[in-house]
Amino acid sequence: MSLSTSLIPLVLTILMGTTAVAQSRTPVVRERKARQLTLRSEEPPVLHPLHVAAHEVTTLTFDAPIVPESVDRSVLAPFFSRVAVHEDVLVLKASMDVPVGKEPVITVRFVGPGAPAQVGFVLTTVAAEVDSQVEVLRQGRTAQDLGKELADLRARCAVTEAGLATLRAQCALSGLGGAVLTGAVTQEGITVDYIRESPVSMGIVAEGPHVIYRTASTRALSTALRNPMGAAPWIPGFARVTPRGPDAGGIPVREIPLLIQVRQLAPGALTTVVVEWNALQDLPPGTHFTLELLDVKGERGIRWEQVSP
C-alpha cells in the first residue's frame, strides 16, 4: 500500500530533520596546539587568549613559581571538570565548549618580586584548534642569555658523559665478581655507615635510612626519595659533590649521574636512589662534602651539608 500524497512531505521533513540532528552530533575535530608565550615587563598587561574545548586537557607550565590561590576556581567551575594548580603547572579539562559571550577570565600571580607580577587569560573555544600545551615564560631571554645557557648545558653534558662512560664500563663487569675484578671491592672489605642528619628538602623528601658504603676506592650512598603529593613529576638528574673545609678550595666539584630504576617519580611515589663516586685520597684535615641529589634541571632535590669523606 502506497503512502498518501499528503503524507510524503511530512515523512521527508522528519527524515531530513533526523539527518540534520545526526550531522550536528558529529564530533568536532580540532588541531591540538603546543605553543610558547613570552611575557615582557615593559609591555602593558593584556589578556592572552587560551583556546579550550570540551573533554580536552590544556596544560600550562610556568618558568617561575606561581600562587595557586590566585586562580579563581569559581569562574571555571561551570565549564571545567578538572582544575589542578601546582607550583609551576596549571591543568584544565573542559566539560563543555565555552559559549560565546560567557568566556571566563583568570589571573595567575607569580610568587615573590619581579615583573610582570601576573598574567591574565581569557578562555575561549574556537572551531579549528585547542591549546594542548602552553609554556609561559615570565621574562624573555636575550640571545646572550641563550648562548650562556647553551654553554652551561654543553659543559654539564660533558661532565655527565664522562660519568656515564665510567658507568658503562662498570656495567660490563656487574655483580660482586665484577666489583672484585675492577678493584672496587678488595680484601679490606666494605664498611657501612649512616648519615644521621636529615637532609634539607628542596621539593623532594628523603626517607631513611641513608646508608653510605665505603671501600678503599669507592663511596656509594643509598636512600629513598618520595615526591610529595600534588607536586610535578620529578625527573632524575645528577648528584653534586662539593668539597668543604679550610683547605678544600683546590678540590673540584663533581657531578655524577644518579642510579635509579625509574624514568620519573610521579607525585606520591617512592623509589631507591644510589650515588657512587670515587674516593679522594690524602684530603686536607677537616675536609667534608656537601652532597646534593637533584632533578634534571638542578633545582628540586635534597641536600646534606656535611658528609664525611
Side-chain angles (χ1 to χ4, degrees), residues 20-40 43-112 114-140 203-204 226-235 264-269 295 297 299-300:
V21 170
Q23 290 176 344
S24 66
R25 292 176 180 173
T26 302
V28 177
V29 178
R30 295 181 173 92
E31 182 182 2
R32 293 182 175 91
K33 289 282 190 177
R35 60 189 180 90
Q36 190 177 85
L37 172 62
T38 300
L39 309 177
R40 299 189 183 278
E43 296 177 353
V46 297
L47 286 178
H48 299 276
L50 188 64
H51 296 152
V52 299
H55 313 303
E56 294 283 352
V57 175
T58 297
T59 302
L60 292 87
T61 60
F62 300 84
D63 67 342
I66 62 175
V67 180
E69 295 77 13
S70 65
V71 179
D72 188 351
R73 297 171 182 264
S74 63
V75 301
L76 299 175
F79 312 107
F80 293 87
S81 59
R82 180 187 178 194
V83 178
V85 191
H86 305 292
E87 63 180 12
D88 56 1
V89 177
L90 171 59
V91 181
L92 303 171
K93 184 176 182 180
S95 55
M96 59 184 289
D97 289 348
V98 177
V100 177
K102 296 186 178 180
E103 295 86 351
V105 174
I106 60 172
T107 299
V108 181
R109 292 202 314 272
F110 292 103
V111 173
Q118 62 187 37
V119 56
F121 298 96
V122 55
L123 282 59
T124 64
T125 298
V126 296
E129 63 185 40
V130 58
D131 287 327
S132 179
Q133 294 181 331
V134 179
E135 182 182 12
V136 182
L137 304 179
R138 188 181 188 187
Q139 183 62 48
I204 290 292
R226 182 181 297 278
N227 192 12
M229 292 296 297
W234 189 79
I235 302 176
Q264 69 175 22
L265 199 57
D295 66 355
K297 294 182 179 179
E299 297 172 350
R300 296 175 60 208

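For the pair Val71 and Leu76, the minimum side-chain heavy-atom distance is below 4.5 Å. Between His51 and Thr124 there is a side-chain heavy-atom pair separated by less than 4.5 Å. In this structure, Thr107 and Asp72 have side chains that are not in contact, with every pair of non-hydrogen atoms separated by 4.5 Å or more.
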Review point. Run the side chain to side chain contact (heavy atoms under 4.5 Å, CB included) check on Leu60 and Leu50 step by step: do they pass?
Key: CA-CA 10 Å; Leu60 292 87; Leu50 188 64; 3.8 Å; yes
Exercise for review: Evaluate the side chain to side chain contact (heavy atoms under 4.5 Å, CB included) criterion for residues Asp295 and Ile204: first the C-alpha distance (whole Å), next the side-chain angles of each, then the deciding distance (0.1 Å), finally the verdict.
Suggested key: CA-CA 10 Å; Asp295 66 355; Ile204 290 292; over 6 Å; no
Point to revise | Full working for side chain to side chain contact (heavy atoms under 4.5 Å, CB included) between Thr125 and Met96 | key: CA-CA 9 Å; Thr125 298; Met96 59 184 289; over 6 Å; no
Exercise for review: Evaluate the criterion side chain to side chain contact (heavy atoms under 4.5 Å, CB included) for residue pair Val89 and Thr59; output intermediate values, then yes/no.
Suggested key: CA-CA 7 Å; Val89 177; Thr59 302; 4.0 Å; yes
Practice item. Show your reasoning for whether salt bridge (charged side-chain N to carboxylate O under 4.0 Å, His left out) applies to Arg300 and Asp88. Key: CA-CA 12 Å; Arg300 296 175 60 208; Asp88 56 1; over 6 Å; no
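A donor-acceptor pair is defined here as one N or O able to donate and one able to accept, closer than 3.5 Å; such a pair exists between the side chain of Arg138 and the backbone of Pro116. At least one donor-acceptor pair closer than 3.5 Å links the side chain of Asp97 to the backbone N or O of Ala54. Judged by distance alone, with hydrogens and angles left aside, the side-chain atoms of Glu103 form a donor-acceptor pair with the main-chain N or O of Gly101 at under 3.5 Å. At distances below 3.5 Å, at least one donor-acceptor pair connects side-chain atoms of Arg73 with backbone N or O atoms of Val83. A donor-acceptor pair is defined here as one N or O able to donate and one able to accept, closer than 3.5 Å; such a pair exists between the side chain of Ser95 and the backbone of Phe79. Of the possible donor and acceptor atoms, none in the side chain of Arg35 sits under 3.5 Å from a partner among the backbone N and O of Glu135. When atom types are taken as modelled, the side chain of Thr58 and the backbone of Asp131 share a donor-acceptor pair closer than 3.5 angstrom.
Pro228 approaches Gly203 most closely through the heavy-atom pair CD-O, 3.4 Å. Contact record, Leu39 with Val136: CD1-CG1, 3.8 Å, taken as the closest heavy-atom pair. Here the shortest heavy-atom pairing between Val52 and Val98 reads CG2-CG2, 3.8 Å. Residues Arg226 and Gly268 come closest through the heavy atom pair NH1-O, 3.0 Å. Leu37 and His48 get closest at one heavy-atom pair: CD1-ND1, 3.6 Å. In plain terms, the two heavy atoms of Asn227 and Leu265 that are nearest each other are ND2-O, 2.9 Å.
The distance from atom NE2 of His86 to atom CD1 of Ile66, rounded to the nearest 0.5 Å, is 9.5 Å. In this structure, CZ in Arg32 is found 11.0 Å from CD in Gln133, a value given to the nearest 0.5 Å. In this structure, NZ in Lys93 is found 12.5 Å from CZ in Phe80, a value given to the nearest 0.5 Å.
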